[in-house]
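Everything on this sheet refers to the single structure shown next.
The sequence lines fix the lettering, A, B, ..., with proteins before strands; numbering per chain opens at 1.
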Amino acid sequence: MIAGGATIESVVTQSPEQDGQDVALAAAGDPQAFERLYRRHHGRVHSLALRMARVEWAEDLTQEVFIRAWTKLGTFRSEASFGTWLYRLAVNLILSRRETLNRRRKRHLSENGILDRLPARDSHPGMALDFEAAIQRLPEGAKQVFVLFDVEGYPHGEIAELMGISPGTSKSQLHRARMMLREQLK
Amino acid sequence: MMKHPDSHRFSAFLEGDLAPPEVSELERHLAGCDVCSALLQDLQDIQGQARELPDRFPSRDLWPGIAQVIKEEAGGDPDVVRLHSGVPVLRQPRRRGLHFSVPQSVAAGLAIAIFSGLVGARLGHEAGSQMVAFQDGVSLEMRSSWVSLVGEAKPALEAKALEVARLEQLLAEHHGGLDPHTVQLIEKNLDIIDGAIRESVSALRTDPGNRFLEDNLERAILAKGEYLRDATLLVSPIT
């Protein structure tokens, strides 16, 4: 159950019947059916990647999610909707990549000798300090819990499982995120 | 002076985590406290904005890249050898992986053939066996032979080459769980990069100190390192 009383299933509104047909075709090797699935779901996956990771990684992560989905279609069970399965796969992949990507970013910046010249927080020229930008400025853990709970509607128990933290930590991080957003948006 | 509840209670209130007596107590406080009422309203607004966030679409169509990978996995495109496995890298300005055209691949293959002969003669092994990226039974010493050659050609690059060789060893030790087609693709791509390394080393032997050739060698080593880093991500478990 997500905040506000809706379930994750109800948030996934994109044509479950069409999804079912296309998943069956795609699993049999039909790339056009998989493209239709991509077209219906890529906005949400990209939004998830953009909000949970870093803006500059979002497109690569989105591609990787769909490539991973293609290779794992055989494991999809139709008890859940394709959207739910796909977003769960996306969350897992994004979370699994975070340490690697952060390490790589630090290494890359260090190799180029510009780490010390960067501002303390991310800055995206041209992006106003709106709600999205404020989310981007949150510390990583708080940002991920906030996106998963308040934006995506995952319950604390599931977030805790996904992130390897306790439900109490998830709640605490969520509150921290909301309070920081409040400060930023004043 | 009025004592305000801990702010965590407001989040707990919004999520329905408070027991009925706690809810009543908080509501009594809120009725007489503008500060806490404003805080609760702000938190509710944030919750509401989060739920209303629209999807944000990529700045470009990502499908062609996905389709390319799918196509390659289904049988391969002979015109393009994809060195980027779809694993995200910190993007340098608009550079999207390395691609080799057929002529470039042929050139690299020729370079491998020629240089493998030189290396084979030098090391006393059968030509072509020393530089194979990773195949079962290839020892670290054999894999690392290119490191010493790099060191001879450009000593300052030996440390980088050694790091790359360690990644190569790591991948060789853990690639067992990968699909054979993936392993084949990785080996094919590594062979091409190794060809570029050999070519640069060979050229530096005849023209030592040439800055262009040294830069070329360094770029090839870094490309191999980046590719191996991406490839090693494939052997990490993702559900």
If you count heavy-atom pairs under 4.5 Å with chain B, which of A:Arg39, A:Lys171, A:Lys186, A:Met179 comes out on top? A:Arg39
Those residues at least two apart in sequence (or on a different chain) that pass side-chain hydrogen bond (donor to acceptor under 3.5 Å, both in side chains) with B:Gln49 are none
Does NZ or CZ of A:Arg54 lie under 6.0 Å from the centre of the six-membered ring of A:Trp57, at an angle within 45° of the ring axis? yes
Who among B:Gly16, B:Pro54, B:Ala12 has the most heavy-atom pairs with chain A under 4.5 Å? B:Pro54
Region of A:Arg51 that comes under 4.5 Å of a non-hydrogen atom in chain B: side chain
Are B:Phe57 and A:His42 close enough that their ring centers fall under 6.0 Å? yes
Heaviest contributor of heavy-atom pairs below 4.5 Å to chain B, chosen from A:Phe66, A:Trp70, A:Phe34, is A:Trp70
If one checks every heavy atom of A:Leu48 against chain B at 4.5 Å, the contacting part turns out to be neither
So which part of A:Thr71 gets closer than 4.5 Å to some heavy atom of chain B, the side chain, the backbone, both or neither? side chain
Cation-pi between A:Arg178 and A:Phe146: NZ/CZ under 6.0 Å from ring centre and within 45° of the ring axis? no
Results of side-chain contact (heavy atoms from CB on, under 4.5 Å) for B:Glu25 - residues two or more places apart only: B:Arg28
Pick one of side chain, backbone, both or neither for B:Leu43, based on which atoms fall under 4.5 Å of a heavy atom in chain A. side chain
Do the side chain of A:Ser170 and the main chain of A:Ile159 share a donor and acceptor less than 3.5 angstrom apart? no
At a heavy-atom distance under 4.5 Å, which candidate from B:Leu14, B:Asp45, B:Asp61 has the highest pair count against chain A? B:Asp61
